[in-house]
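What you see is a predicted model; the values in this text were computed from it and never measured. Side chains are part of it too, since the values below use all heavy atoms of this structure and drop only hydrogens, waters and symmetry mates.
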Amino acid sequence: QVQLVESGGGLVQAGDSLRLSCAASGRTFSTYAMGWFRQAPGKEREFVSAISWSNGNTGYADYVQGRFTISKDNAKNTVYLQMNNLKPEDTAVYYCATDTRSPVWAIDWSTEGAYDGWGQGTQVTVSS
């Protein structure tokens with residue numbers, strides 16, 4: 001089992017940047033992919049971005065493409081989400097997730113069901 005701890009959230013103004021971190025511990029050697037999701041008040045949790053742990057391939061939701069960048073540090077078992085040009089609609093709790101069951105080619109990493117481990121979330125609030 002992998003444990004995930006997110007950090008880096010906060011209150012910023014529109015146009016600002018934030019970098020979220022997600023530190024993984026436990027059975028990290030079995031990680032296939034890690035992803036970021038977010039949930040705004042009154043809305044369902046939605047996909048933001050994901051990265052393959054082995055080769056670094058990445059994927060993004062259309063609404064963050066070009067503004068957000070996902071990256072990883074295998075030595076630190078940490079995944080990052082650099083968020084630039086933040087907008088008020090980016091306000092949400094951001095969750096880190098890990099897939100330790102299936103290789104990336106076998107999953108749709110934009111869906112919650114692809115992941116078997118979740119962090120507690122970190123709040124990002126963007127004021128206008």
Between Q123 and T125, do the side chains contain a donor N or O and an acceptor N or O under 3.5 Å apart? yes
Any cation-pi pair here, R38 with Y95, using under 6.0 Å and within 45°? no
Test side-chain contact (heavy atoms from CB on, under 4.5 Å) applied to I51 and L81, T69, V104, I70, the passing residue: I70
For the backbone of R101 and the side chain of D99, can you confirm whether one donor and one acceptor N or O come within less than 3.5 Å of each other? yes
Is a donor on one side and an acceptor on the other found under 3.5 Å between the side chain of S49 and the backbone of G59? yes
Indicate whether any N or O donor in one side chain lies under 3.5 Å from an N or O acceptor in the other, for T111 and D108. no
Does T98 use its side chain to pair, donor to acceptor, with the backbone of G117 at less than 3.5 Å? no
Please test K87 against N85 for side chain to side chain donor-acceptor pair (under 3.5 Å), starting from the C-alpha separation and ending with a verdict. CA-CA 6 Å; K87 304 176 181 181; N85 190 22; over 6 Å; no
Nearest-0.5 Å distance, OH of residue Y94 to SG of residue C22: 14.5 Å
Would you say the side chains of D73 and T78 form a donor-acceptor pair under 3.5 Å? no
Could you give the distance from CH2 (W36) to CE (M83), rounded to the nearest 0.5 Å? 8.0 Å
Between V93 and T122, is the side chain to side chain contact (heavy atoms under 4.5 Å, CB included) condition met? List the steps. CA-CA 5 Å; V93 177; T122 184; over 6 Å; no
Tell me if a side-chain donor or acceptor on S52 pairs with a main-chain N or O of N57 at a distance below 3.5 Å. no
Is the side chain of E6 donor-acceptor paired with the backbone N or O of C96 at a distance under 3.5 Å, no angle test? yes
When rounded to the nearest 0.5 angstrom, what is the spacing between CZ in F47 and OH in Y60? 9.5 Å
Using modelled atom types only, decide if a donor and an acceptor are shared between the side chain of N77 and the backbone of S25 within a distance under 3.5 Å. no
Can you measure from CH2 (W53) to NZ (K72) and round to the nearest 0.5 angstrom? 6.0 Å
